[in-house]
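In what follows, every heavy atom counts, from backbone to side chain, and hydrogens, waters and symmetry copies are set aside. Starting from 1, each residue takes its place in the sequence as its number.
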Amino acid sequence: ENCFDNVMAGGDMICSVNAATGKEAESAITPAARKKRVLVAGGGPAGMELARVATLRGHKVALYEASNKLGGQALLAAIPPYREDMINATSYLSTQMSKLKVEVYLGQKVTPELVAGVKPDVVVVATGSRPAIPDVPGAKQSNVVTATGVISGAKTTGQKVVIIGAGYLGCDTALFLAKKGKQVTIVEPGKRLSPDTGRISREVFAQKLKELGVKVEFETSVQEITPTGLNVVSKGQSRSIEADTVVFATGAQPNTELASKLRGAAPHVIQIGDCHEAGRIIDAIHEGFRVAREI
């Protein structure tokens, strides 16, 4: 979708998975002047793309993933309706790990002690992000969950659901729940649907949400979450919205805990992907590609 969105906006052709698309001449993967030992913490798109390119350049790469599967949060991106083809990106990258014989350790958390044992020249931290929860009264009640928790299956919802945030995550979550027969309303303080995507994606979201009966209320700010729903200010008017479950889809914040622990553990410690700056899969892969060419 990024390729269509960017071209329709008058930009160059880009690709979420292939960072060199449209700029092949200046994106050549060249042998490194000095071969290094690189330890990558995190097996999401950013970590795997960096491992792929760094290996092609001749570096010796070991990738550690705390869970038992490669893919990171990109695995969740492929779960909502109409997003199934997103799994192709993680499938491609995980296959490249095997083909290039990258050392991959699943179910292994990176610690300062592990780094001290490996003695890498470079540590790349690609540990992703976690949901950002606004400081709203009632946010810690039992009827409040996060969008990633819902999509992953870790959290369940009641029949009547209000989602806070009309970005791509909020829209994806709304479609996911509406497909399950839930009654879904999205509340958004801004005036536009999915402002974090391009025009084509916004039009697709608008069409699908309408087809599935999802209600979207713009210029609506949450004042308080209650056991029976939430109190909002909608276009200057205070009112209540009933809900069995309230879902936060209010963005993400970088997970910087590991990077902080590893400062000084190796000659160079670099953060990439969502743990550097939360963004989309295209941002993660493109940053992994760029940094790998600079190591």
Grab the two heavy atoms, one from Val246 and one from Gly229, that are nearest each other, plus how far apart they are.
CG2-O, 4.1 Å
If we only count heavy atoms from C-beta on, is the Val110 to Val115 side-chain gap below 4.5 Å?
yes
To the nearest 0.5 Å, how far apart are CG in Asp121 and NZ in Lys35?
12.5 Å
CZ of Arg52 to CG of Leu63, rounded to nearest 0.5 Å, is 13.5 Å
Indicate whether the side chain of Glu211 and that of Gln207 have a donor and an acceptor atom separated by less than 3.5 Å.
yes
Determine whether Leu193 and Leu209 satisfy the following criterion, side-chain contact (heavy atoms from CB on, under 4.5 Å), listing intermediate values before the conclusion.
CA-CA 11 Å; Leu193 186 72; Leu209 291 170; 3.9 Å; yes
Backbone N or O of Ile29 within a donor-acceptor pair of the Arg57 side chain at under 3.5 Å?
no
Does atom CG (Asn68) have a neighbourhood of more than 12 heavy atoms from anything else shown, all under 6.0 Å?
no
Would a distance-only check, ignoring hydrogens and angles, find a side-chain to backbone donor-acceptor pair under 3.5 Å from Asn255 to Cys275?
no
Can Val40 be reached from Val122 by stepping across I, L, V, M, F, W or Y side chains whose heavy atoms are under 4.5 Å apart?
yes
Can you tell me if Glu219 has over 12 outside heavy atoms packed within less than 6.0 Å of its CD?
yes
Roughly how far, to the nearest 0.5 Å, is CZ of Arg280 from CG of Asp196?
8.0 Å
Going by chain and number, the hydrophobic cluster around Leu75 (ILVMFWY, side chain to side chain under 4.5 Å) further includes Ile87
Could you check whether atom NZ of Lys36 has more than 12 heavy atoms from other residues, nucleotides or ligands sitting under 6.0 Å from it?
yes
Are Leu262 and Pro112 side-chain neighbours, meaning at least one heavy-atom pair lies under 4.5 Å?
yes
Kindly say whether Gly149 contributes a backbone atom to a donor-acceptor pair with the side chain of Thr146 at under 3.5 angstrom?
yes
Check the surroundings of atom CD in Gln253: do more than 12 heavy atoms from other residues, nucleotides or ligands lie under 6.0 Å from it?
yes
Kindly work out whether a path of hydrophobic side-chain contacts (I/L/V/M/F/W/Y, heavy atoms less than 4.5 Å apart) joins Val291 to Val123.
no
For a side-chain contact (heavy atoms from CB on, under 4.5 Å) check, start with the C-alpha distance between Ile295 and Leu50, then their side-chain angles and the critical distance, and finish with the verdict.
CA-CA 10 Å; Ile295 290 176; Leu50 182 135; 4.1 Å; yes
Do Lys60 and Glu103 come close enough that some side-chain heavy atom pair is under 4.5 Å?
yes
Determine yes or no for a side-chain-to-main-chain donor-acceptor pair under 3.5 angstrom, with Gln141 supplying the side chain and Ala139 the backbone.
no
Determine whether Leu70 and Leu93 satisfy the following criterion, side-chain contact (heavy atoms from CB on, under 4.5 Å), listing intermediate values before the conclusion.
CA-CA 9 Å; Leu70 293 172; Leu93 287 169; over 6 Å; no
Is Lys208 reaching over with its side chain to a backbone N or O of Leu175, donor-acceptor style, under 3.5 angstrom?
no
Are Ile163 and Ile151 joined in one hydrophobic group, where the rule is that I, L, V, M, F, W and Y side chains link up if heavy atoms are under 4.5 Å apart?
yes
Residues at least two apart in sequence or cross-chain that pass side-chain hydrogen bond (donor to acceptor under 3.5 Å, both in side chains) with Glu224, listed by chain then number, are Asn231
Between OH of Tyr92 and CD1 of Ile285, what distance do you get to the nearest 0.5 Å?
9.0 Å
Tell me whether Gln237 at atom CD has more than 12 heavy atoms from other residues, nucleotides or ligands lying less than 6.0 Å away.
no
Would Leu230 and Val145 show up in the same hydrophobic cluster when neighbours are defined by side-chain heavy atoms closer than 4.5 Å?
no
Counting N and O atoms only, with roles assigned by atom type, does the side chain of Ser234 sit under 3.5 Å from a partner on the main chain of Thr220, one being a donor and the other an acceptor?
no
Hey, could you give me the CD/OG1 distance between Gln73 and Thr90, rounded to the nearest 0.5 Å?
13.0 Å
Okay, side chain of Thr250, backbone of Gly165: is any donor-acceptor separation there less than 3.5 Å?
no
So is Lys179 actually on top of Phe176's ring, under 6.0 Å and inside 45° of the axis?
no
Are Leu114 and Gln108 close enough that some pair of their side-chain heavy atoms sits under 4.5 Å apart?
yes
Compare every heavy atom of Ile281 with every heavy atom of Ala89, then report the nearest pair and how far apart it is.
CB-CD1, 4.0 Å
Closest non-hydrogen atom pair, Lys109 against Ala66
CG-CB, 3.8 Å
Report whether Leu106 and Leu100 are members of the same hydrophobic cluster (ILVMFWY, side-chain heavy atoms less than 4.5 Å apart, transitive linking).
yes
Derivation and outcome, side-chain contact (heavy atoms from CB on, under 4.5 Å), residues Asp172 and Phe205
CA-CA 8 Å; Asp172 274 346; Phe205 273 139; 3.4 Å; yes
Side chain of Gln159, backbone of Gly181: donor and acceptor closer than 3.5 Å?
yes
Matching residue for Thr127 among Ile272, Asp274, Leu258 - test: side chain to side chain contact (heavy atoms under 4.5 Å, CB included)
Leu258
If I take atom CD from residue Glu65 and atom CE from residue Met97, how far apart are they, to the nearest 0.5 angstrom?
12.5 Å
Under 3.5 Å, is there a donor-acceptor pair between the side chain of Arg293 and the main chain of Ala28?
yes
Heavy-atom pair of closest approach, residues Pro45 and Ala284:
CB-CB, 4.4 Å
